[in-house]
Amino acid sequence: MKKDDKIYIAGHKGMVGSAIKRKLENEGFTNFILRSSSELDLRDQLKVNVFFEEEKPDYVFLAAAKVGGIHANNTYKGEFLYDNLMIQTNVIHAAFVHSVKKLLFLGSSCIYPKFADQPLKETSLLTGELEPTNEPYAIAKIAGIKLCDAYREQYGCNFISVMPTNLYGPNDNYDLESSHVLPALIRKFHEAKKTNKQEVVIWGSGTPKREFLHVNDLADACFLLMETYNEPGLINIGTGKDISIFELALLIKDIVGFTGKVVQDLSKPDGTPRKLMDVEKLHNAGWKARIGLEEGIKSVYGRLKDKDWY
Ligand code: GFB
C-alpha cells in the first residue's frame with residue numbers, strides 16, 4: 001500500500017476497525033474512506049454499490065460485522081446470520097466489481113468445529129459440527145472465507161481471510177447482556193468493588209478455555225498481512241496461549257482489586273470447551289503477539305476505571 005492509497009475501513013467505529021485505523025495512521029496513511037453504519041447500511045446492496053462506484057477504494061479492511069458474546073450469539077441467531085451474510089457479501093462483491101486491489105476479511109475462531117483438535121489449525125475448517133451457540137455467526141464467516149476464495153479463483157481477486165481469536169481492547173462493548181467475557185468481567189468486578197458486593201457471578205462452569213488477543217496486536221498483524229500475505233484460505237491470528245474462564249476471573253479480580261467471592265451461574269452456557277489457535281502459519285508469515293494478557297487487561301482497565309465507561 002502506498003501512503004496516499006484510498007483505504008476503506010468498513011466498521012471503523014468498532015473495536016477492530018478503530019484499531020486498524022489507529023495503526024494505519026501511525027504508519028503514515030492519510031487517505032481513508034469512512035462511513036458509520038448510520039451513514040451507510042452495508043446490508044443494503046444498492047447503497048454499497050453506489051458507495052464503491054463513487055469512492056473507488058484501492059484497499060478494503062472488512063471489519064464491519066454484527067458481533068457479540070455467547071448470549072447475544074445464542075439469542076439473536078437470525079440477525080447474526082442475516083446481517084453478517086449481507087454485510088460481507090455486499091462489500092466483497094462490490095470490491096470485485098470495482099477492482100479493489102486487495103481486501104482483508106476478518107473472521108473468527110468460532111468458525112472451527114466445536115471439538116476440533118487443539119490447537120486449531122487452519123486445516124480443521126469444515127471437518128466437524130459447529131458450536132450451537134454461535135453456529136449462525138460461524139456459518140456467515142465461513143461463507144465469507146469461501147466467497148473470498150471463490151472470487152480469487154474465478155476472478156483473480158486478491159482477497160485474504162484472517163481469523164482472530166477472542167479480542168479485547170479500546171472501544172470494546174461493556175453491555176453485560178451482549179458483551180464478551182473479558183469486558184463483562186472487568187465491569188462486573190469493578191462495579192462489585194465500588195458497591196462493596198460480596199460476590200461476582202460468572203456464567204457457566206468457568207472451565208472453558210479461551211485465548212485473548214489485544215486488538216492493537218490484531219491491527220498490527222492485519223497491517224502486516226495486508227502488506228505481505230496473498231494466499232487463499234485462512235490464517236489464524238492469536239497468541240498461542242489460553243486460560244480458563246475461572247483463571248481469567250481471578251486475574252481480573254486481582255487487577256481490579258476486588259476481595260469477595262467468585263460464584264458460577266450454571267444456568268448459562270459454557271460454549272466451546274476450548275478455542276486455542278495454532279499460530280505457526282502466522283509466525284511463518286513473520287508476526288508474533290506482543291501484548292501479554294495481564295499487561296493488556298491492566299492497560300484497558302487503567303484507561304477506564306475512573307470514567308463512566310458504559
Ligand atoms: O466471550 P464469550 O461470550 O464468548 O464467553 P465465546 C466465553 C466464556 O466465558 C463462556 C463465559 O464459557 C461464557 O459462559 N462467561 C463467564 C461469560 N462469565 C461471562 C460473562 O459475564 N459474560 C460472557 N459473555 N461470558 C463468542 C462467540 O464465543 O466468541 C462468537 O459466540 C465469537 O461467535 C466470539 O466467536 C469471539 O468465546 O464463547
Side-chain angles (χ1 to χ4, degrees), residues 14-16 63 65-77 79-81 83-85 88 106-116 118 120 125 130-145 162-169 172-192 197 199-215 218 234 236-239 242-253 256 258 262-277 293 297 310:
M15 180 171 70
V16 171
K66 168 103 186 155
V67 298
I70 192 165
H71 179 70
N73 268 268
N74 205 17
T75 311
Y76 306 109
K77 290 185 168 173
E79 280 175 58
F80 273 80
L81 186 54
D83 288 4
N84 286 307
L85 282 174
Q88 68 199 32
L106 281 129
S108 162
S109 59
C110 73
I111 51 130
Y112 290 112
K114 177 167 184 162
F115 298 113
Q118 305 282 326
L120 298 157
L125 183 69
L130 297 164
E131 153 63 26
T133 56
N134 59 34
E135 190 186 73
Y137 182 69
I139 293 275
K141 291 294 181 184
I142 293 168
I145 298 167
V162 308
M163 298 304 120
T165 189
N166 289 36
L167 301 168
Y168 69 98
D172 210 340
N173 169 18
Y174 287 87
D175 176 87
L176 291 179
E177 289 291 301
S178 61
S179 63
H180 290 96
V181 61
L182 194 149
L185 293 186
I186 290 180
R187 178 172 176 173
K188 284 181 181 176
F189 282 112
H190 176 74
E191 288 187 340
K197 283 214 179 97
E199 59 182 42
V200 160
V201 177
I202 61 165
W203 293 355
S205 65
T207 58
K209 295 184 92 177
R210 294 289 183 273
E211 176 184 358
F212 297 95
L213 179 72
H214 193 286
V215 75
L218 172 78
L234 54 162
N236 292 338
I237 305 182
T239 62
D242 62 357
I243 177 172
S244 77
I245 297 302
F246 191 67
E247 286 167 322
L248 176 76
L250 296 184
L251 179 62
I252 296 176
K253 175 183 172 203
V256 171
F258 173 72
V262 177
V263 296
Q264 305 155 315
D265 175 357
L266 295 174
S267 71
K268 295 286 196 304
D270 270 347
T272 310
R274 198 175 181 202
K275 279 199 280 193
L276 176 65
M277 293 293 214
L293 183 58
I297 296 172
Y310 31 76

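Note that this is a predicted model, so its numbers are computed, not measured. Indexing begins at 1, ligand by ligand and atom by atom, following the structure's order.
- The N/O atoms of G68, backbone and side chain alike, include none that comes under 3.5 Å of an N/O atom in ligand 1.
- The protein atom (non-hydrogen) at minimum distance from atom 30 (C) of ligand 1 is N73 ND2, 3.4 Å.
- Inclusion of Y137 in the set of residues having an N or O under 3.5 Å from an N or O of ligand 1 is not warranted.
- In this structure, K253 is not positioned above the aromatic face of F189 in the sense of NZ or CZ being under 6.0 Å from the six-membered ring centre and within 45° of the axis.
- Between the CG atom of L185 and the OH atom of Y174 there is a distance of 11.0 Å, given to the nearest 0.5 Å.
- Of the listed options V262, I111, L167, N166, N166 places a heavy atom closest to atom 36 (C) of ligand 1.
- Atom numbering of ligand 1 starts at 1 in the shown order; those under 4.0 Å from a heavy atom of I202 are 18 (N).
- In terms of protein heavy-atom proximity, atom 27 (C) of ligand 1 is closest to N134 ND2, 3.3 Å.
- Ligand 1 lies less than 4.0 angstrom from a heavy atom belonging to I245.
- D172 places none of its side-chain heavy atoms less than 4.5 Å from the side chain of S179.
- Residue-ligand proximity, S108 to ligand 1, at heavy-atom distances under 4.0 Å covers atoms 32 (C), 35 (O).
- Within the 4.5 Å cutoff, side-chain heavy atoms of L248 are placed close to those of L293.
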task = With side chain to side chain contact (heavy atoms under 4.5 Å, CB included) as the test, would you mind laying out the steps for K275 and L120 before giving the verdict?
result = CA-CA 7 Å; K275 279 199 280 193; L120 298 157; 4.2 Å; yes
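- The proximity of A138 to ligand 1, defined as any non-hydrogen pair under 4.0 Å, does not occur for either the backbone or the side chain.
- One distance of note links CG of L176 with NE2 of H71; it measures 11.0 Å at 0.5 Å rounding.
- The OH atom of Y112 lies 3.5 Å from the CG atom of N236; values are rounded to the nearest 0.5 Å.
- Those atoms of ligand 1 with a heavy atom of A184 less than 4.0 angstrom away are 20 (C), 21 (O), 22 (N).
- Under a 4.0 angstrom heavy-atom cut-off, D270 registers as being in contact with ligand 1.
- Contact of the L130 side chain with the I142 side chain is registered, since non-hydrogen atoms from C-beta on lie closer than 4.5 Å.
- Considering both main-chain and side-chain atoms, K188 comes within under 3.5 Å of ligand 1 through a nitrogen or oxygen pair.
- At least one side-chain heavy atom of V181 sits under 4.5 Å from a side-chain heavy atom of F212.
- Residue I70 touches ligand 1 through backbone and side chain together, judged by heavy-atom distances below 4.0 Å.
- Within ligand 1, counting atoms from 1 as listed, the ones closer than 4.0 Å to a heavy atom of P269 are 13 (C), 14 (O).
- Considering only non-hydrogen atoms, atom 6 (P) of ligand 1 lies nearest to R210 out of K209, R210, H180.
- Protein heavy atom closest to atom 15 (N) of ligand 1, with residue, atom name and distance, is V181 CG2, 3.5 Å.
- If you check which protein heavy atom lies closest to atom 18 (N) of ligand 1, you get W203 N, 2.9 Å.
- Rounding to the nearest 0.5 angstrom, the gap separating the CD atom in E199 from the CZ atom in F258 is 8.0 Å.
- One option in H71, E211, K275 has a heavy atom closer to atom 26 (C) of ligand 1 than any other, and that option is K275.
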